[in-house]
Amino acid sequence: MESLKIHNSLRPGPPVPFTPIEPGKISWYACGPTVYDKSHLGHARNYVSTDIIRRILMHYFGFKVKFVMNMTDVDDKIIIKARRQRLLELEKKKRYSKDDLRALALAAFTSYAAANLPLLAQETSKLDETNYAALCDTAYRSVLAGGTLSGEGKPGDGEAKIKMHISNMDAAAEAVKKDAVFPGADEILLPYLDSLYKETIDTRDQSMFTDLTKSMEALFMQDMDNLNVLRPDFITRVTEYMPQIVKFVEQIVDKGFAYEAEGSVYFDIAAFEKAGNTYARLRPDSRNDKSLQEEGEGSLSKNLGGKRGAGDFALWKQSKAGEPFWPSKWGNGRPGWHIECSVMASDILGSRMDIHSGGIDLAFPHHDNELAQSEAFFCQHGKGEHTWVNYFLHMGHLSISGSKMSKSLKNFQTIQDALSTTYTARSMRIVFLMGKWNDGVEISPDMRAQADNWESTISNFFTNTKSWLAEAGVSDGVRALSISPDKPATGLLADLEQAKKDMEAALVNSFDTPRAMLVMLKLVNSTNAYLRDNKDADLGQVEAIARWITKMVGIFGLDANAEAPYEGLGWASAISADVDPETAVQPYASVLDRVKADVSKLEIPSDKIPTLLAQDPSKEFQSIAASGSRDIEKLALPYLRVVSQIRDELRRVVSAQSPQTKKEILAITDRIRDHDLTNLGVYLDDRPDNQPSLVKFIPAAEQIATREEKAAREAEKGRKKEEARVAREKAEHEAREKAKVRPEDVFRGDERYSAWDEQGLPTKMKDGSEVPKSQLKSLKKLWEKQKKAHEDLKAKSGL
C-alpha cells in the first residue's frame, strides 16, 4: 500500500506524508459546535466531511482512532441569545397600550437601522413603517437586485448581511402596520431590549444559558445521528472544565506568556515570539487583520482595555453585568474563546496529538490562538518550540449564492429541514463526497443531478445483482472465486483489480473522495456494459464487484444500516433487534396467502397452478432465520419467490382464457405488482420470452413516487389533450360563425372604409380617397376566402 498523505494546514502546499505519533493509532480533536441555534447545512458539510475522513482512517487504513469533540456551551453568541430571549420574555409580560407598544417597536426599528443599515442612517430620524420600504429601496436597490455594495465584483458575506437585516426590517415594518409587534418585530426588538436592560439580568442563575445550550446540543446530536455521523469517543463541555481552564491560564501567566489587565488575562504574543515560538502558524498573513481579531474576541469584548499588543488576545475575560461568571484569582470572569479547546484536548489527549480539525473559518484567529496558548502551556524554556498538533485539517466552506452559509447570516437551511424536504442522509453525503473535503463547495443543480445519478446507478446495480443471485437460487453468495496469483485477472475481475488500485491511489492522496466516487461509478458502468454484451457472464465476478462496492460505500458512511467490516451485498436491510423474524415477514406471507386464495377461486386449466399453490415456503424461511440472519430481504425471499412464480404462470396462460377469466387474471397480476408488493418495497421486473420475473427490492417510497410521477405525466398528457380538444372545438365554432357571414357583408361596417361595390369590396377609404391597389388585392383574397367558406357551410348545411 502506498503511504498516506494529507493536506496539512500547518504545511501549506501539496499533501504531506502522514506519520502518527504511535504506529497504528491516531489521536484526534475536532472543534464541535457552539450550541446556541439549530445546526444547518454548513455544519453538515463540516461534520460529515470529518466523519468521512475518520471512517476512512478506521475502516480502510485500519487505524485505531481516539476521537474527541467539544461542545462550546459558553460563548458570546450563547450569552447574547439566551439573555435577549429572557429579556424578550419579560417584555412580553408587560402591559402596554397600543400607542406605547408602537413607540417601543419604532424605537427598536430606528435603532436597528442605524446599527445595521448604514445607508439608511441619515434617514433614521424620520424613518417609520410607512416610508421605510421606499427609503430602503432607494438606498439598497442594487444589492437587492443582486449587485454589490461597491458596485464591483460578486456579492458575498457583506451583501448577505445587508439582505438579512433588510428582511428583519421588512418583517418588523409589516408587524407594526398590523399592530402585531410580538412576534413580528422580535428580531429588531432583541438587540434593542438588550441595549436597554442587559445589565439588569441576574446571571447568578445560569439556567437561561444552560437551558439553551442543553436543548441545542440535543438537537445537534440528533442531527448527527440522522446524518449517520459516528458519535465521538469523548465529548467535552466548557462548563464542566472551569477549574481546569483557570489553572491552565495561571500556568501560562506563570511562564511569562500572559498578563492580567483590568480583571482580564491576555496572551502576550511578543513574549511568546521572543522566547523562540511562532505565532499565527496557520495564517501568518492574517495576524494583523483587525476585523478578524475583533471577531475572534467576540462581540461582547470589542475594544478591550489594558492590552500591551494590538494582537494580544483574551485567555480569561472579566465578566460584565449581564454575563455569566466563574471565580478566578483575577476576579469573576469567563474563558476566552478556544482556551477551552486547549484545556479539554490536552486533558484527554495529552501534550501532543496527531490531528486537530475544524471549519476553515476558524483558522485565524481561533486556531492560531489555540495553538499558541497550548504551545505556551507546554513550552519548556530553552528546549525549543513545543509541537502540540502534528496535522491540522480544515474543512472547506459550504456556500450559497456566493456567501458562506452561517447562522449569523441567516442564509442557511437547517439540517432538520433539509432532511425532511430536500435530502436524504445518503444523498447529502454523496454531494459532500463529490467535493474535496478541504475545498469550498457550492451546491448547484448540476452537482445535485450528478449525485442523484451516482446514487441511482449504484442502487440499481445492487438491486440487479441481488435479483440475479436470487434467480440463480444463491442465498449466501457465490463461493470464493479461484484467482491464481500467477495469472493476470481477465474480464470483470481485471476491472475490479484496477478499480481497487485506483481507489487506493485516490484515498492515499489526502482522501480524494471525488476521484474515489468516479472509480466506483466507472466500475459499475463498465460492468453493466459488459453484462449487456455477455449474457453468460460469470455471476461470481459480478457478485465480487458488488461486494467490493458495498464495502466502499459502507466505509464512506453511505449505509446507515451497515456495520464494519461491511461484508454484505448492497444496501443493508436488517430488521431491528426488537423485532423477531416471524413478525417481520408476516406482511410478505400475508400477500402470498391472499394471492393463493384469489387464484384458487379461478378455473384455470393449468397443470402448474395447483403445484405452485401447494408450495410452503415457511420451511425455507425457518432455515434462513435459524442461521441467525436478520436480513429482511433474505427472510422474505421464499414467500416472494412463490408469489412471483404464481404470477408468472398466470401471465403465461392468460391469453387462452375466456374474456371474464382474462379480466380477473389481469386484475390479480396488476394488483400484485402495482400495490401488494410495491407497498412492501418489492418490484417484479417482468421480462419477455416467458422468462421468470426478477424480484427486486426497491424502497416503497421510490416506487410510489415513480408511480405518482407516471400518473402525473399521464394526467398532464390528458389535460393537454383536453385543452387541445377544447381549443380545436372553439376554433371550429368561431370558424363556423365567421363562415355564416355573406362575403358581401364581410367588410361592410368597417370604419376604415366609406364606400363599397356590389360585391361588398371597399372602394373608398374613410377620408374619401381610393383604396390602394396593394390593399385592394389583399382584400380581394380575404373576400374570396370568405366566399368559399360561406358556400362550403351552406353546402354542408343543405341550404
For the student: nearest non-hydrogen atoms of [X] and [Y], plus distance:
X      : Y      : value
Ala516 : Ala506 : N-CB, 3.9 Å
Ser49  : Met395 : CB-SD, 3.9 Å
Gln786 : Ala739 : NE2-CA, 3.8 Å
Leu650 : Ile609 : CD2-CD1, 4.1 Å
Glu744 : Trp783 : N-NE1, 4.0 Å
Leu117 : Tyr140 : C-OH, 3.2 Å

Under the 3.5 angstrom rule, does the side chain of [X] hit a backbone N or O of [Y] as a donor-acceptor pair?
X      : Y      : result
Ser644 : Leu640 : no
Thr414 : Asp417 : yes
Arg651 : Leu666 : no
Gln703 : Ile698 : yes
Arg429 : Phe556 : yes
Arg647 : Ile672 : no
Asp648 : Ser693 : yes
Trp756 : Thr763 : no
Ser39  : His43  : no
His165 : Asn116 : no

Do [X] and [Y] come close enough that some side-chain heavy atom pair is under 4.5 Å?
X      : Y      : result
Leu602 : Ile668 : yes
Ile604 : Gln657 : yes
Arg719 : Glu716 : yes
Trp454 : Leu433 : no
Pro762 : Asp750 : no
Val741 : His790 : no
Asn690 : Arg652 : yes
Lys436 : Thr513 : no

* Structure fact -> Tested for side chain to side chain contact (heavy atoms under 4.5 Å, CB included) against Thr110, the lone hit among Asp128, Ile188, Leu127 is Leu127
* To do: Just do the salt bridge (Lys or Arg N to Asp or Glu O under 4.0 Å) check on Asp598 and Arg671 with the steps written out, would you?
  => CA-CA 11 Å; Asp598 291 345; Arg671 189 201 72 215; 2.8 Å; yes
* With side-chain hydrogen bond (donor to acceptor under 3.5 Å, both in side chains) as the test, would you mind laying out the steps for Asp446 and Ser444 before giving the verdict? => CA-CA 5 Å; Asp446 285 347; Ser444 65; 5.3 Å; no
What do you reckon, is [atom1] of [X] surrounded by more than 12 foreign heavy atoms closer than 6.0 Å?
X      : atom1 : value
Lys663 : NZ    : no
Gln645 : CD    : yes
Lys780 : NZ    : yes

Considering only NZ, NE, NH1 and NH2 on the basic side and carboxylate oxygens on the acidic side, decide whether [X] and [Y] come within less than 4.0 Å.
X      : Y      : answer
Glu714 : Lys717 : no
Glu791 : Lys788 : no
Arg725 : Glu729 : yes
Arg673 : Asp670 : yes
Asp179 : Lys98  : yes
Glu784 : Lys787 : no
Glu723 : Lys720 : no

Point-to-point distance, once rounded to the nearest 0.5 Å, from [atom1] of [X] to [atom2] of [Y]:
X      : Y      : atom1 : atom2 : result
Leu119 : Thr138 : CG    : OG1   : 11.0 Å
Leu523 : Ile545 : CG    : CD1   : 5.0 Å
Asn168 : Tyr112 : CG    : OH    : 3.5 Å
Glu709 : Ile704 : CD    : CD1   : 12.0 Å
Arg426 : Leu227 : CZ    : CG    : 13.5 Å
Asp685 : Gln691 : CG    : CD    : 10.0 Å

* **Stepwise side-chain contact (heavy atoms from CB on, under 4.5 Å) check, Leu398 with Phe432** => CA-CA 9 Å; Leu398 181 71; Phe432 295 150; 4.2 Å; yes
* Sub-6.0 Å ring centroid separation between Phe109 and Tyr132 -> yes
* With a 6.0 Å cut-off on ring centres, are Trp571 and Phe462 close enough? -> yes
* Worked verdict on Tyr753 versus Lys764 for side-chain contact (heavy atoms from CB on, under 4.5 Å) -> CA-CA 6 Å; Tyr753 310 109; Lys764 300 279 188 182; over 6 Å; no
* Given Arg448 and Asp452, is the side-chain contact (heavy atoms from CB on, under 4.5 Å) satisfied, shown in steps? -> CA-CA 6 Å; Arg448 285 300 309 273; Asp452 290 344; 4.1 Å; yes
* From CA spacing to verdict: side-chain hydrogen bond (donor to acceptor under 3.5 Å, both in side chains), Ser606, Glu649 -> CA-CA 9 Å; Ser606 167; Glu649 180 61 15; 2.9 Å; yes
* Can you list the steps and then say if Glu442 with Met447 is a side-chain contact (heavy atoms from CB on, under 4.5 Å)? -> CA-CA 9 Å; Glu442 180 156 10; Met447 177 180 281; over 6 Å; no
* Between Ser427 and Thr424, does a side-chain hydrogen bond (donor to acceptor under 3.5 Å, both in side chains) hold up when you go through it step by step? -> CA-CA 5 Å; Ser427 67; Thr424 64; 3.2 Å; yes
